[in-house]
Enquirer: 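Let me begin by handing over the structure; questions about it come next.
Chain naming here is simple, since letters A, B, ... match the order of the sequence lines and numbering starts at 1 in each.
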Amino acid sequence: MPELPEVETIARGLDERVRGDLIESVWLGSHPEPLKSPAREISSVLSGSRIRKVRRVGKHIVFDLEGDDRRKRKPSLNGQRQWIVHLGMSGRMLVTVPNEPIAKHTHAVASLASGRELRFVDPRRFGRLSVVVTEDGFSGPGTEPLTIMLEEFTKLFRGRKTPIKAALLNQKLLHGVGNIYADESLFRAGIRPRRQAGRLTALELKRLHRSVREVLQEAIKLGGSSVSDYVDSEGRKGFFQLQHRVYLRTGEPCLVCDTPIKRIVIGGRGTHYCPKCQR
DNA sequence: AGGTTGACCTGGACGC
DNA sequence: TGCGTCCAGGTCAACC
């Protein structure tokens, strides 16, 4: 479900609601897939930790934790302690009251000292929970698209033979861009998704660099895209889907030139573009 | 190494 | 109503 703007919206909402709260205990479900770290480790790092901040890195939600001063800190837990959540395609992080019925596909519940619960719900189980305890902390697989400079952006694609659409989805290059925002960015930059990344001109890369940042920033302002049932941590829908110019608009007229939007498959992902506006 | 494909899951929409 | 097919916001491991 979520790409950078949706994860940003969710992380901001969570930060507002649970920052400063204390995780008292953790329940983990029986499906092994969502747990990227061993269950014991997740439990031991989270239990008794205070949430210092919730933020986004790429498509990951990062909970920065600290030991509760009123409790004994375990000696093995020095350095930065973080809870990392990736929502996959269908994951949600909900803040609920305890008597709220447990939704189907709930895989983790953290009980908070405030009396509320943080619940991770994910029908498809592509999402992942992990904990990180290191000096440096979690930095994500690639570079942040919102702050990258043109020079570095250009360097990412140099010599690459893969289609620019596939390169935009490669999280080791830019992290956070997913299928919606790759298609929308390429439309706004006027670039065909199948073009070889390494063969884009300097001008095209400049336009793409600008488009990616503009599309993501606009989407954050509108709370992300709700294409089926996406809602943020407070159950609110996003509205950027109303600004989509190509994504899931197969056969509909281009909003600029009326040409029907085409759908092709690149890297196994549905890819939408205007054959006239994008070259 | 970089590039491509299929596997991993559930569920909703659609056609018959 | 049901059953089959296709599609969906994302990674990964396994191949070439």
Side-chain angles (χ1 to χ4, degrees), chain A residues 1-11 29-37 56-61 84-93 103-107 120-130 138 140-142 145 155-186 193-199 212 215-216 219-220 222-233 236-244 246-251 261-272:
Chain A
M1 149 210 317
E3 305 180 32
L4 185 151
E6 292 77 32
V7 180
E8 179 71 30
T9 304
I10 293 163
S30 53
H31 279 109
E33 300 100 321
L35 307 184
K36 208 171 147 193
S37 304
R56 174 198 62 79
V57 173
K59 292 175 190 169
H60 300 262
I61 303 170
I84 313 295
V85 179
H86 193 295
L87 298 172
M89 291 278 258
S90 56
R92 291 187 187 184
M93 278 296 277
K104 200 176 172 186
H105 306 300
T106 298
H107 302 113
F120 175 65
V121 182
D122 182 14
R124 292 178 72 179
R125 305 204 296 276
F126 289 169
R128 295 291 180 263
L129 305 180
S130 61
F138 180 78
K155 237 187 251 172
L156 291 179
F157 304 110
R158 198 163 289 162
R160 298 205 172 257
K161 297 196 165 158
T162 197
I164 184 61
K165 165 73 185 273
L168 285 173
L169 293 180
N170 182 346
Q171 302 293 295
K172 288 179 181 160
L173 303 177
L174 292 175
H175 59 201
V177 177
N179 210 30
I180 296 175
Y181 300 101
D183 282 5
E184 293 298 319
S185 299
L186 287 168
R194 271 213 246 262
R195 292 277 303 283
Q196 264 188 38
R199 291 209 171 160
V212 167
V215 163
L216 294 174
I220 291 170
L222 295 182
S225 302
S226 292
V227 331
S228 64
D229 60 351
Y230 159 77
V231 287
D232 69 12
S233 61
R236 289 184 304 225
K237 279 180 177 288
F239 292 97
F240 191 73
Q241 66 279 10
L242 304 174
Q243 305 298 320
H244 293 176
V246 287
Y247 183 73
L248 290 188
R249 294 195 63 245
T250 311
I261 299 301
K262 276 192 92 169
R263 180 185 185 277
I264 57 177
V265 175
I266 296 177
R269 313 300 303 283
T271 297
H272 316 78

Enquirer: Using atom P of each nucleotide, how far apart are dG9(C) and dG3(B) to the nearest Å?
Expert: 22 Å
Enquirer: With respect to the phosphate group of dA7(B), does any side-chain polar atom (N or O) of Arg124(A) fall under 4.0 Å of OP1 or OP2?
Expert: no
Enquirer: Report the residues that fulfil ring pair (Phe, Tyr, Trp, His ring centres under 6.0 Å) with Phe126(A), sequence neighbours left out, ordered by chain and then residue number.
Expert: none
Enquirer: Between the protein and nucleotides 13-16 of chain C, which nitrogen or oxygen pairs come in under 3.5 angstrom?
Expert:
none

Enquirer: Could you check whether any side-chain N or O of Ser90(A) sits under 3.5 Å from a backbone N or O of Gly88(A), counting only pairs where one atom can act as donor and the other as acceptor?
Expert: no
Enquirer: Between P on dG10(C) and NE2 on His60(A), what's the gap in Å once rounded to a whole number?
Expert: 12 Å
Enquirer: Suppose the criterion is salt bridge (charged side-chain N to carboxylate O under 4.0 Å, His left out): which pairs have a residue in residues 164-174 of chain A, not counting sequence neighbours?
Expert: Lys165(A)-Asp183(A)
Enquirer: Pull out every stem in DNA chain B, meaning runs of 3 or more consecutive Watson-Crick or G-U wobble pairs with both distances under 3.5 Å.
Expert: B:2-8 with C:10-16, B:10-16 with C:2-8
Enquirer: Calculate the interatomic distance between Leu168(A) atom CG and dG9(C) atom P; express it in whole Å.
Expert: 15 Å
Enquirer: Restricting to ring pair (Phe, Tyr, Trp, His ring centres under 6.0 Å), what partner residues turn up for His86(A), sequence neighbours left out?
Expert: His60(A)
Enquirer: Please check the phosphate of dT11(C) (OP1 and OP2 only) for any side-chain N or O of Arg269(A) closer than 4.0 Å.
Expert: no
Enquirer: Separation of Lys237(A) atom NZ from dG9(C) atom C1', in whole Å?
Expert: 13 Å
Enquirer: Which residues pass the salt bridge (charged side-chain N to carboxylate O under 4.0 Å, His left out) test with Arg195(A), sequence neighbours left out?
Expert: Glu204(A)
Enquirer: Can you tell me the distance, in whole Å, between the CD1 atom of Ile180(A) and the P atom of dC7(C)?
Expert: 17 Å
Enquirer: Testing the basics here: between Gly127(A) and Asp122(A), what is the closest heavy-atom pair and its distance to 0.1 Å?
Expert: N-OD2, 2.8 Å
Enquirer: At less than 4.0 Å, is any side-chain N or O atom of Lys59(A) found next to OP1 or OP2 of dG10(C)? Yes or no.
Expert: yes
Enquirer: I want to check one thing: is the phosphate of dT11(C), taken as OP1 and OP2, less than 4.0 Å away from some side-chain N or O of His86(A)?
Expert: yes
Enquirer: Take atom P in dC9(B) and the same atom in dA14(C), then report the distance between them in whole Å.
Expert: 15 Å
Enquirer: Got a donor-acceptor contact below 3.5 angstrom from the Gln196(A) side chain to the Ile164(A) backbone?
Expert: no
Enquirer: Using the salt bridge (charged side-chain N to carboxylate O under 4.0 Å, His left out) criterion, which residues pair with Arg160(A)? Sequence neighbours excluded.
Expert: none
Enquirer: Let me know the distance between CZ of Arg263(A) and P of dC6(C), rounded to the nearest Å.
Expert: 12 Å
Enquirer: I'd like to know if the side chain of Glu184(A) and the backbone of Ala182(A) have a donor-acceptor N/O pair within less than 3.5 Å.
Expert: no
Enquirer: If you check the Phe126(A) side chain, which of dC12(C), dC8(B), dG9(C) turns out closest?
Expert: dC8(B)
Enquirer: What is the distance, to the nearest angstrom, from the CD atom on Glu184(A) to the P atom on dG9(C)?
Expert: 12 Å
Enquirer: Grab the N/O contacts between the protein and nucleotides 11-13 of chain B below 3.5 Å, and write none if there aren't any.
Expert:
from: dG11(B); atom 1: OP1; to: Lys104(A); atom 2: NZ; distance (Å): 3.4
from: dG11(B); atom 1: OP1; to: His105(A); atom 2: NE2; distance (Å): 2.6

Enquirer: Quick one: do Asn170(A) and Phe157(A) satisfy side-chain contact (heavy atoms from CB on, under 4.5 Å)? Show the steps, please.
Expert: CA-CA 11 Å; Asn170(A) 182 346; Phe157(A) 304 110; over 6 Å; no
Enquirer: On DNA chain C, compare the nucleotides closest to Arg128(A) and Leu248(A); which residue's is nearer the 5' end?
Expert: Leu248(A)
Enquirer: Among all residues two or more places apart in sequence or in another chain, which pass the salt bridge (charged side-chain N to carboxylate O under 4.0 Å, His left out) test with Glu8(A)?
Expert: Arg12(A), Arg56(A)
Enquirer: Please state how far atom CG in Leu87(A) lies from atom C1' in dT10(B), giving the value in whole angstrom units.
Expert: 16 Å
Enquirer: May I ask you to decide if the ring planes of Tyr247(A) and His272(A) are parallel, tilted or perpendicular, using 30° and 60° as cut-offs?
Expert: perpendicular
Enquirer: Could you pull out all residues at least two apart from Phe240(A) that satisfy ring pair (Phe, Tyr, Trp, His ring centres under 6.0 Å)?
Expert: Tyr181(A), His244(A)
Enquirer: Could you tell me how far apart Glu33(A) (CD) and dA7(B) (P) are, to the nearest whole angstrom?
Expert: 17 Å
Enquirer: Please tell me if the side chains of Leu216(A) and Pro145(A) come closer than 4.5 Å, counting only heavy atoms from C-beta onward.
Expert: yes
Enquirer: Does a side-chain N or O from Gln171(A) land closer than 4.0 Å to OP1 or OP2 of dT11(C), or not?
Expert: yes
Enquirer: Would you say a side-chain N or O of Arg125(A) is under 4.0 Å from OP1 or OP2 of dC8(B)?
Expert: no
Enquirer: With a non-hydrogen cut-off below 4.0 angstrom, is Tyr247(A) in contact with a base, only sugar-phosphate, or nothing?
Expert: sugar-phosphate
Enquirer: Under the salt bridge (charged side-chain N to carboxylate O under 4.0 Å, His left out) rule, collect the residues that match up with Arg249(A), sequence neighbours excluded.
Expert: Glu252(A)
Enquirer: Extract from the structure each pairing of a protein N or O with an N or O of nucleotides 1-5 of chain B at less than 3.5 Å, listing the distance.
Expert:
from: dG3(B); atom 1: OP1; to: Lys161(A); atom 2: N; distance (Å): 2.6
from: dG3(B); atom 1: OP1; to: Thr162(A); atom 2: N; distance (Å): 3.3
from: dG3(B); atom 1: OP2; to: Arg160(A); atom 2: NH1; distance (Å): 3.1
from: dT4(B); atom 1: OP2; to: Thr162(A); atom 2: OG1; distance (Å): 2.8

